[in-house]
Amino acid sequence: MHVRIRYMAALRDRLGDGETAHDLPADVTDSEALIAHLTRSDAAAAALAAPEIRLIRNDRIVTRPSALEEGDRLAFCPPFTGG
Amino acid sequence: MHVRIRYMAALRDRLGDGETAHDLPADVTDSEALIAHLTRSDAAAAALAAPEIRLIRNDRIVTRPSALEEGDRLAFCPPFTGG
Amino acid sequence: MPSDIRVSAEPIDAAALMAALTGQSPDDGAVSSFVGQVRAEGDLVALELEHYPGVTEAALRELSEQAMARWSLSQALIHHRVGRMAVGETIVVVAASAPHRRAALEAVSFLIDRLKTEAPFWKRVHTAQGHYWVEARDSDTAASQYWRDQIAQEDA
Amino acid sequence: MPSDIRVSAEPIDAAALMAALTGQSPDDGAVSSFVGQVRAEGDLVALELEHYPGVTEAALRELSEQAMARWSLSQALIHHRVGRMAVGETIVVVAASAPHRRAALEAVSFLIDRLKTEAPFWKRVHTAQGHYWVEARDSDTAASQYWRDQIAQEDA
């Protein structure tokens, strides 16, 4: 399965800027498996597992764990701090 | 003891407009005795005994029963409805 | 200008008050406000606000000072109109400026809830047929009592 | 214009919004508002608001619609600024117009409390030395959760 991933705000400083394309192994079918997969190549990605990290999937805020589908555009978000 | 009395808002419609002077018997020394005294000459004044009727004494809102003194200026008030 | 109290028959410009309150204090992150305005109701032609001059201002000042102290406000404002007004006109503006939002929001609720039962204003509705006095609402008494209890608890 | 949502880098004129909201609806006796503005804090030179375009507006619209329904509002407004701003500039204006005050006051609290944790905005503080991201506050999470629980109870 192919997905594109972005990191927002403070996560971008730690995990990289811009959208990156990923070709996922067959057993990575949800957001939590994806985080484990990302952590294998970059230990800093383990921070994404924290429950306060939010996920935007295809321009919608989704609850985790969230199932993934081919072509998903994902954005990992630190807690929101607007207002 | 001499006091002056006004009735505010809806009470004015029922009990009279303008300030009136009263020469009180010696046993009328607080607001509740005054209401009983007023009721003897005008039965409608009995309505003043209701706990929601507020008293302004010498330009200060006071809690009832309130002691009275020579020369007091009193205003009986229906519940406030501002804002 | 920490406490800004005004009772007047002049129309109130809520937008101008908002302009004067926002962006004024570098330590304040929050300005909250409440505007009460004449609602079209039944056969209302005009609303008239009567008050007790002097006592009204003192009552508003006391409420304002209570709010300033309890919520550590930088500014509190109560402007209340009296006399006759038409549907849509502003009756009252209450506002609070504070470092953080909870203080500003709660102070505004407190001020308008307490004002309703603690300041000597009376509303009269004018209709084509005559007039009637607005009756106090139990919900207003309850809202005011809520804050009274809160403060009593805190002082205890 | 029952739900008025805007996210923009243009400065927000809170007074103009207040002028547009008051005296507009003859059935409304109450207009409540909250203005969040940049507070001078530590060595802050500017505050920058980042957001997720599209998702932000949808999140604000959903909150606004929840508030409209729950409190039977006539109007709800959320204008949020993004980009870089200086001390005293307005970050956000939230306002609600309703027949009675409790609805307007509670809706404004709800909107600003939920906005803080449910809309994808991030604050960054710029100083002379660099920048740092503002951390979410536990009190904001708790305030937002309060409303979540309220709504869950009501729906149950």
Side-chain angles (χ1 to χ4, degrees), chain C residues 11-41 44 47 74 85-102 104-106 108-113 115-116 123 137 139-140 142-143 146, chain D residues 11-41 44 47 74 85-102 104-106 108-113 115-116 123 137 139-140 142-143 146:
Chain C
I12 296 176
D13 183 343
L17 294 179
M18 188 55 69
L21 274 169
T22 52
Q24 298 304 306
S25 166
D27 293 330
D28 284 0
V31 177
S32 187
S33 78
F34 175 82
V35 177
Q37 55 194 19
V38 182
R39 193 175 50 241
E41 221 175 350
L44 178 147
L47 188 69
S74 310
M85 49 205 99
V87 169
E89 287 194 88
T90 296
I91 305 167
V92 63
V93 174
V94 162
S97 180
H100 294 285
R101 79 179 182 288
R102 191 54 49 203
L105 291 165
E106 286 193 2
V108 165
S109 278
F110 166 87
L111 288 170
I112 188 65
D113 284 348
L115 181 159
K116 293 246 171 196
K123 282 200 187 95
R137 295 163 56 195
S139 60
D140 288 340
Y146 166 81
Chain D
I12 296 177
D13 183 344
L17 294 178
M18 188 55 68
L21 274 168
T22 53
Q24 297 305 306
S25 166
D27 294 329
D28 284 358
V31 177
S32 187
S33 78
F34 175 82
V35 177
Q37 54 195 17
V38 181
R39 194 173 53 240
E41 223 176 349
L44 177 146
L47 187 70
S74 309
M85 49 205 100
V87 169
E89 288 195 87
T90 296
I91 306 167
V92 63
V93 174
V94 163
S97 182
H100 295 285
R101 78 180 182 289
R102 192 54 49 201
L105 291 166
E106 287 192 1
V108 165
S109 278
F110 166 87
L111 287 170
I112 188 65
D113 283 348
L115 180 159
K116 293 245 171 196
K123 284 201 187 92
R137 294 163 56 197
S139 59
D140 288 341
Y146 166 82

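Per chain, numbering begins at 1; letters A, B, ... match sequence-line order. Every value quoted in this text rests on a predicted model; they were computed, and no experiment measured them.
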*Can you see which heavy atom on D/S33 is nearest to which on D/M18, and at what distance?*
OG-CE, 3.1 Å

_Are there residues of residues 87-96 of chain D whose heavy atoms fall under 4.5 Å of chain C's heavy atoms? If so, which?_
D/V87, D/G88

*asked:* If you count heavy-atom pairs within less than 4.5 Å of chain C, which of D/L105, D/V38, D/V108 leads?
replied: D/L105

*Option in D/A30, D/G29, D/P26 with maximal non-hydrogen atom pairs under 4.5 Å from chain C*: D/G29

*What residues form a side chain to side chain contact (heavy atoms under 4.5 Å, CB included) with C/S97, not counting sequence neighbours?*
C/D28, C/V31, C/Q75

*Considering all heavy atoms of both residues, which atom of C/A40 and which atom of D/D27 are nearest to each other, and what is their separation?*
O-OD1, 4.2 Å

*Between chain C and each of D/R137, D/E106, D/Q24, count heavy-atom pairs under 4.5 Å; write down the option with the most.*
D/R137

*Between D/S32, D/A104, D/A19, which residue shows the highest count of heavy-atom pairs closer than 4.5 Å to chain C?*
D/S32

*If you look only at pairs with a residue in residues 91-102 of chain D, which of them pass as a salt bridge (charged side-chain N to carboxylate O under 4.0 Å, His left out), with sequence neighbours excluded?*
C/D113-D/R101, C/D113-D/R102, C/D140-D/R101

*side chain to side chain contact (heavy atoms under 4.5 Å, CB included) involving C/E41 - partner list, sequence neighbours excluded*: C/R39

*Kindly indicate whether the side chain of D/P99, heavy atoms from C-beta on, has any atom under 4.5 Å from the side chain of D/S74.*
yes

_Contacting moiety of C/A143, where chain D heavy atoms sit under 4.5 Å_ = side chain

